[in-house]
Every structure is written in structure tokens, then in C-alpha cells.
2 protein chains.
Amino acid sequence: MNNKVREFREKFGLTQKELGEQVNVSRQAINAIETGKFDPSIWLAYDLAQYFGVPIEILFLFEEGKRK
Amino acid sequence: MNNKVREFREKFGLTQKELGEQVNVSRQAINAIETGKFDPSIWLAYDLAQYFGVPIEILFLFEEGKRK
DNA sequence: ACTTCATGTAAGGCTAACCTGACACGTGGA
DNA sequence: TCCACGTGTCAGGTTAGCCTTACATGAAGT
């Protein structure tokens with residue numbers, strides 16, 4: 001699933017580790033989401049969207065055919 | 001996690017089984033979400049919100065302290 | 001009374017979404 | 001040169017989000 005996490009994270013001037021601390025997940029979890037290794041849980045998606053101040057549907061791109 | 005799935009489902013005049021077929025999950029999955037047994041994946045949350053025509057944040061209530 | 005339907009729930013199984021710890025690499029500063 | 005940092009990735013483990021099958025209940029229709 002494509003998303004704009006890296007884009008927003010860099011705009012906010014944070015490292016993967018720092019963003020992980022803000023939303024209470026490991027830096028590997030942030031990395032895995034940015035690199036498309038797996039999709040976030042609904043809570044993590046919400047926390048990230050809240051942190052960046054955008055709706056979930058803006059931060060994460062739900063394009064049909066890109067499901068795993 | 002509280003949500004308005006049952007509310008919207010009944011407004012749309014569907015059974016749990018029928019809603020499950022619309023979003024490609026079992027009726028037990030719909031039931032479990034309505035009764036708060038577990039939270040949906042981000043994709044299922046998206047599909048349900050899309051089906052009902054509302055944002056994810058409207059269909060699902062992300063209240064702090066109600067995490068599992 | 002019998003059946004059908006909608007719902008609730010439980011058991012058992014599978015995979016995805018996390019975790020920690022570790023190692024590798026490139027960049028930049030002292 | 002050496003070290004710290006940021007990132008990528010892998011191995012191994014746990015838990016949550018599904019699945020199918022099955023059984024029980026209540027409401028409603030015949």
C-alpha cells in the first residue's frame with residue numbers, strides 16, 4: 001500500500017526513530033510501512049494521521065489492486 | 001473500539017451476512033467488529049467506510065483509553 | 001409444531017502486524 | 001581515521017485480525 005508517511009515525516013523533520021516514539025511503535029515498524037513491507041493497523045494509521053494533522057485517507061493511498 | 005457499523009448497516013437495511021459479502025469478509029468478522037471483539041484491519045475499515053460513504057474517522061470512534 | 005433467518009459465540013487454524021536484537025552500509029563531523 | 005547517526009533488512013517470537021465449522025437462541029412465517 002502506498003502512503004505519504006515518509007513525505008510527511010521529512011516535512012516534519014523527524015527520523016524514523018523519532019516518529020516511532022511519537023506514535024509508540026518501533027523504528028522498524030515505521031520503516032516497514034514507509035517501504036511498503038506491511039500495512040499499519042487501524043490504530044497506528046489513525047495515530048500517524050492525527051500526528052500529521054490529516055485524515056487517514058490522505059496519508060494512506062487505498063488504490064484498488066494494491067492490496068496484499 | 002466503538003463504531004457505528006451496526007447503525008449504518010441497519011440504516012442500509014442489510015444483514016451482517018450481506019454486509020460481509022459487500023466487503024468480502026465473513027459474517028462473523030462483521031459481528032465481531034460490531035460487538036467490539038476486535039478492531040478491523042485498515043483495509044476493512046476503509047472498505048466499510050467507502051461502502052457507507054463516510055470517512056473512516058466517522059465510522060470508527062478513536063477514543064483514547066479504549067484501545068485494547 | 002416445524003422451519004427459516006438473523007444473530008451471538010466458541011474452537012482451531014493461518015497470516016499479518018507488531019516486537020527485540022543484530023548486522024550492514026553510507027554519510028558527515030571531529 | 002574514527003565514530004555517531006539514519007536507514008535497510010533479517011531472524012525469531014507474540015498477538016490480533018481474519019477464516020471455516022459448528023452449535024445455540026429468538027423471532028417470524030407456514
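Proteins come first, then strands; the chains are lettered A, B, ... in the order of their sequence lines, and each starts at number 1.
In this structure, the side chains of B:Tyr51 and B:Leu19 come closer than 4.5 Å at one or more pairs of heavy atoms. A:Asn3 places a side-chain heavy atom less than 4.5 Å from the side chain of A:Ile33. At a threshold of 4.5 Å between non-hydrogen side-chain atoms, the residues B:Ser41 and A:Ile42 do not count as touching. At least one side-chain heavy atom of B:Val54 sits less than 4.5 Å from a side-chain heavy atom of B:Phe8. Contact of the B:Asp39 side chain with the B:Phe62 side chain is not registered, since no non-hydrogen atoms from C-beta on lie closer than 4.5 Å. Within the 4.5 Å cutoff, side-chain heavy atoms of B:Pro40 are placed close to those of B:Phe60.
Here the C1' atom of nucleotide C:dT15 and the CH2 atom of B:Trp43 are 17 Å apart, to the nearest Å. Between B:Asn31 atom CG and D:dG17 atom C1' there is a gap of 14 Å when expressed in whole angstrom units. Following rounding to the nearest Å, A:Tyr46 (OH) and C:dC18 (P) show an atom-to-atom distance of 17 Å. Rounded to whole Å, atom P of C:dA16 lies 15 Å from atom CE of A:Met1. Between the C1' atom of C:dA17 and the NZ atom of A:Lys37 lies a distance of 14 Å, rounded to the nearest Å. Between the CZ atom of A:Phe12 and the P atom of D:dG6 there is a distance of 18 Å, rounded to whole Å. At whole-Å resolution of the value, NZ in A:Lys17 and P in D:dA4 are 14 Å apart.
To the nearest 0.5 Å, the span separating CE on A:Met1 from NZ on A:Lys37 amounts to 15.5 Å. In this structure, CD on A:Glu7 lies 9.0 Å from CG on A:Leu59, to the nearest 0.5 angstrom. Considering OG1 of B:Thr35 and CD1 of B:Ile30, their distance stands at 11.0 Å, rounded to 0.5 Å. Separating the CZ atom in B:Arg27 from the CD atom in B:Glu21 is a distance of 11.5 Å, to the nearest 0.5 Å.
The shortest heavy-atom contact between A:Phe38 and A:Ala32 is CE2-CB, 3.4 Å. Here the shortest heavy-atom pairing between B:Glu63 and B:Asn2 reads OE2-ND2, 3.3 Å.
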Could you pull out the protein-nucleic contacts involving nucleotides 28-30 of chain D (nitrogen or oxygen on both sides, under 3.5 Å)?
none

Which atoms of nucleotides 18-20 of chain D (N or O only) lie under 3.5 Å from a protein N or O atom, and what are those distances?
residue	atom	partner	partner atom	Å
D:dC18	OP1	B:Ser41	OG	3.3
D:dC18	OP2	B:Ser41	N	2.6
D:dC19	OP1	B:Ser26	N	2.8
D:dC19	OP2	B:Ser26	N	2.9
D:dC19	OP2	B:Ser26	OG	2.5

So which protein nitrogen or oxygen atoms get under 3.5 Å of nucleotides 26-29 of chain C's nitrogens or oxygens?
none

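If you check residues 47-57 of chain B against DNA chain D, you find no residue with a heavy atom closer than 4.0 Å.
Neither OP1 nor OP2 of D:dG6 sits under 4.0 Å from any side-chain N or O of A:Arg6. The side chain of A:Gln16 places no N or O atom within less than 4.0 Å of a non-bridging phosphate oxygen (OP1 or OP2) of D:dC5.
Hydrophobic clustering keeps A:Leu48 apart from B:Leu61 (ILVMFWY residues linked when any side-chain heavy atoms are closer than 4.5 Å, directly or through intermediates).
Screening B:Gln22, B:Glu18, B:Glu34 for a side-chain hydrogen bond (donor to acceptor under 3.5 Å, both in side chains) involving B:Arg9 leaves a single residue, B:Glu34.
The 5' end of DNA chain C is approached more closely, in terms of each residue's nearest nucleotide, by B:Glu34 than by the other of B:Glu34 and B:Ile42.
The main-chain N or O of A:Ile56 is found under 3.5 Å from a side-chain atom of B:Glu57 such that the two form a donor-acceptor pair.
DNA chain D forms stems at C:1-30 with D:1-30, each a run of 3 or more consecutive Watson-Crick or G-U wobble pairs whose two key distances fall under 3.5 Å.
B:Glu10 meets the salt bridge (Lys or Arg N to Asp or Glu O under 4.0 Å) test with no other residue; sequence neighbours excluded.
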